[in-house]
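Chain A is the first sequence line, chain B the second, and so forth, proteins listed ahead of strands; every chain is numbered from 1. All values below were derived from every heavy atom in this structure, side-chain atoms included, with hydrogens, water molecules and symmetry-related copies excluded.
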There are 2 protein chains.
Amino acid sequence: MKTLTNTSVPNHKVTIVDVANEAGVSFATVSRVLNNSAHVKPETRARVLSAMERLGFVANRQARSLAGGKTNCIGLLVPDLGTGYIGEIIRGIDAELTLRGIDLILYTTHRTASKEANYVANLATGMVDGLLLVLPRNPTDYIGTLTRRNFPFVLIDHQGTGQDCPAVGATNWQGAYEATEYLIKLGHRRIGFITGSMDLGCAQDRLAGYRAALRTYHIPEDPNLVYEGTFFQPDGYAGASAFLDLPDPPTAIFASNDVMAMGAMDAIRNRGLRIPDDISVLGFDDIPQASLIRPALTTVQQPLEKMGRLAAQMLLDLLENPAQKVERIELPTKLIIRESCQPPRQAD
Amino acid sequence: MKTLTNTSVPNHKVTIVDVANEAGVSFATVSRVLNNSAHVKPETRARVLSAMERLGFVANRQARSLAGGKTNCIGLLVPDLGTGYIGEIIRGIDAELTLRGIDLILYTTHRTASKEANYVANLATGMVDGLLLVLPRNPTDYIGTLTRRNFPFVLIDHQGTGQDCPAVGATNWQGAYEATEYLIKLGHRRIGFITGSMDLGCAQDRLAGYRAALRTYHIPEDPNLVYEGTFFQPDGYAGASAFLDLPDPPTAIFASNDVMAMGAMDAIRNRGLRIPDDISVLGFDDIPQASLIRPALTTVQQPLEKMGRLAAQMLLDLLENPAQKVERIELPTKLIIRESCQPPRQAD
DNA sequence: CTGTTAGCGCTTTCAT
DNA sequence: ATGAAAGCGCTAACAG
């Protein structure tokens, strides 16, 4: 059984003053060493470092930040942790942050816009050096404030509503377009579409992609074939049920995310219909379980982990060089063909 | 387009001094109001409160904590975010913490014991007021230090290795016992068991529960029918494959978590076998996707969200009253019967 | 290169 | 019930 940081004095907190005494320098010098200031004689630096080691010194984060330095924390706002979707993004963020020794403060907004704004206000008051916002709800509410304050942040998975701010997303429009096109080329003419929360840019883009593909192939859009959901599984169930109740139900259903696609599958099966024999289902995201369910879900893959990693990199760059040019990056989506789609039963 | 905290002075940070001036009191009084001190005349309090409101005052966390108080942050150490399992626990923790306005600092150890110890050492130095450790790896390494320092923490999902410290877990032994018993009563005699990481208490307990049930029903244990996994999906695949290669393969497979159960399902299907017709599969955890896959997974449910919530409550209580008696709570598991198990094909 | 001196925004005695 | 004053541990000019 090993012991942790097995130093002599366990109670009294070791401060830079203690280190300074131990090393025989002023505490300012210790601070310099702490901050990698160039103006320290290597020999002195070594002495300080060894004193730190000996005393088991750990810098006090709050004090550093209060005094005007960095907190070495960045804040992460996510809507929730439920679906694995966010988990993938966080994995990427985390990988990048760990690499640079930066801590992550996590806030779950539970999809409440007011909470989101509140958190942002709070965080930007010094808790963190920068902000990562996943699937922001009403960014317009606070982006202005953040920008004005020159507070570094980057949006993840939000196709802006015209605002010019750092963001990384995926090619939602393109992804939806290609998926719809795939369905059409399979022979489908009546394709039900279940949207996400339409206040989210990505949801709008996906719907737009679907519509564009329909237009390209001269398929008139049937309003009955678009069901407005909110990215939750029950929406998928309800949407598919509504489609199936139609006198002329679709031969394929394209859900704006995998979770809703799974809900749709459930509804379809509950009617005694089979996938993909009777009806095809296509999702969006490619969350881990998409490949685990049967039939394995054909879906549009978003490079979630990569998006997270990239966003973290962008933020870190912004932190180092605030004058950085604003970048908006869209990572490519990719249609992953698995088992849930096939040509419609009766060729028309 | 609304504006956030639409106050007059956007740049200069509002401090208690500003509030004090605005309210015509000393800044000490403002501090008292901030801390709900009893010794403030209601009228004065009201005046200060309204001044805060007017100025859009937000207390600076670092300053409060530096000045001797709490950080109002608690640290959460988790192995990873991959499976939804952890997500559920966090959801519970988060619910409780949000209620009390406490922030969450998230650390992902990626199942590395050394990282874990490191994080703990760092965090216990003032970053956070308390620690929540999910599925701790080598708690023996640091529990001693933590206890000695009187640093509040609670373990989640770790059946102690004899140490007396606050913890919340589930009845892993019981859960595995009942699940195995269910399989036996269904008529199964050859039941393959895929273990979790055997350095984790919960994994050991589940295996023990399985064995105990076998013993109760006088079924001799076949070493070939126990495959050692690590809680990851590929282990389930490999384990099931190994079982299926046996001259006398099992008629049911009990995996120590749902993710491995899904891996097992994959392997089974890849052999052209059907679930549950040819072979039954049973999991553990009841993660969200367990009910979404087909066949829906019969599994042992852990009250994940509740565990998280309870652990947070315990920690918060500990924070308020450090003299608290050490508690170890085990929440009951529950067998959720769905579609992945049925009696074995040929009654022997 | 290194030491001195002010604060950062707040909590907390100690007076009043 | 309220004010004054002394730090919490550290960074950041400013001197030397």
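- When distances run from any side-chain atom of B/Ala28 to the nucleotides C/dC10, C/dT12, D/dT2, the shortest one goes to C/dT12.
- Residue A/Thr15 places none of its side-chain N or O atoms closer than 4.0 Å to OP1 or OP2 of D/dG9.
- Atoms CG (B/Leu55) and C1' (C/dG9) sit 15 Å apart, rounded to a whole Å.
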Quick one: which protein N/O atoms are closer than 3.5 Å to N/O atoms of nucleotides 14-16 of chain D? Pair and distance per line, please.
none

For this session: Check the pair A/Leu81, B/Arg91 against side chain to side chain contact (heavy atoms under 4.5 Å, CB included), reporting the backbone distance first and the verdict last.
Result: CA-CA 7 Å; A/Leu81 262 3; B/Arg91 183 204 299 290; 5.9 Å; no
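- Side-chain contact, B/Arg100 with B/Asn72: no donor N or O sits under 3.5 Å from an acceptor N or O.
- Rounded to whole angstrom, the span from the CG atom of B/Asn36 across to the C1' atom of C/dT11 amounts to 14 Å.
- At least one donor-acceptor pair closer than 3.5 Å links the side chain of A/Asp129 to the backbone N or O of A/Thr71.
- A close approach under 4.0 Å does occur between a side-chain nitrogen or oxygen of A/Asn35 and OP1 or OP2 of D/dT11.
- Between D/dG9, C/dT5, C/dC1, one nucleotide has an atom nearer to the side chain of A/Thr44 than all others, and that is C/dC1.
- Across the interface with DNA chain D, nearest-nucleotide mapping of B/Ala63 and B/Ser37 shows B/Ser37 to be the residue nearer the 5′ end.
- The CZ-C1' distance, from B/Phe57 to C/dC10, rounds to 9 Å in whole Å.
- Inter-axis angle, ends of the helix from C/dC1-D/dG16 to C/dT16-D/dA1, five pairs per end, rounded to 10 degrees: 30°.
- Remark: P of C/dC8 and NZ of A/Lys70 are 18 Å apart, rounded to the nearest angstrom.
- Here the rule is side chain to side chain contact (heavy atoms under 4.5 Å, CB included) with A/Arg45, and of A/Asn36, A/Thr29, A/Val25 only A/Asn36 fits it.
- Nearest to the side-chain atoms of A/His39 among the listed nucleotides C/dC10, C/dT2, D/dG9 stands C/dT2.
- In this structure, CG on B/Asp18 lies 11.5 Å from CE on B/Met52, to the nearest 0.5 angstrom.
- Taking all atoms of both residues into account, the shortest heavy-atom contact from A/Asp80 to A/Thr108 is CA-CG2, 3.6 Å.
- Heavy-atom nearest nucleotides on DNA chain C were determined for A/Arg45 and for B/Gln62, and the one closer to the 5' end corresponds to A/Arg45.
- When only modelled atom types and interatomic distance are considered, A/Tyr107 and B/Asp103 share a side-chain donor-acceptor pair under 3.5 Å.
- Contacts of B/Ser31 with the nucleic acid, taken as non-hydrogen atoms under 4.0 Å apart, include base atoms.
- At least one donor-acceptor pair closer than 3.5 Å links the side chain of B/Arg47 to the backbone N or O of B/Ala23.
- Residue A/Glu96 holds its CD atom at 12.5 Å from CG of A/Leu104, rounded to the nearest 0.5 Å.
- The separation between B/Leu66 atom CG and C/dT11 atom P is 11 Å, rounded to whole Å.
- One interatomic measurement links the two molecules: CD1 of A/Ile16 to C1' of C/dT5, which rounds to 13 Å at whole-angstrom precision.
- Residue A/Val25 is classed as a sugar-phosphate contact, given heavy-atom separations below 4.0 Å to backbone atoms only.
- Of the listed nucleotides (C/dC1, D/dG7, C/dT12), C/dC1 has the atom at the smallest distance from the side chain of A/Lys41.
- Separating the CZ atom of A/Arg61 from the C1' atom of C/dC8 is a distance of 18 Å, rounded to the nearest angstrom.
- For A/Ala67, taking side-chain heavy atoms from C-beta onward, the closest of the listed nucleotides D/dT11, D/dT2, D/dA12 is D/dT11.
- Using a 3.5 Å distance cut-off with no hydrogens or angles, the side chains of A/Ser50 and A/Arg54 do pair a donor with an acceptor.
- Distances were taken from every side-chain heavy atom of A/Arg64 (C-beta onward) to each of D/dG7, D/dT11, D/dG3; the shortest belongs to D/dT11.
- Rounded to an integer number of Å, the gap from CG of B/Asn60 to P of C/dC10 is 6 Å.
- Taking for each of B/Val30 and A/Thr29 the nucleotide of DNA chain C with the nearest heavy atom, the 5'-most of the two is the partner of A/Thr29.
- A distance of 8.5 Å separates OH in B/Tyr142 from CZ in B/Phe153, rounded to the nearest 0.5 Å.
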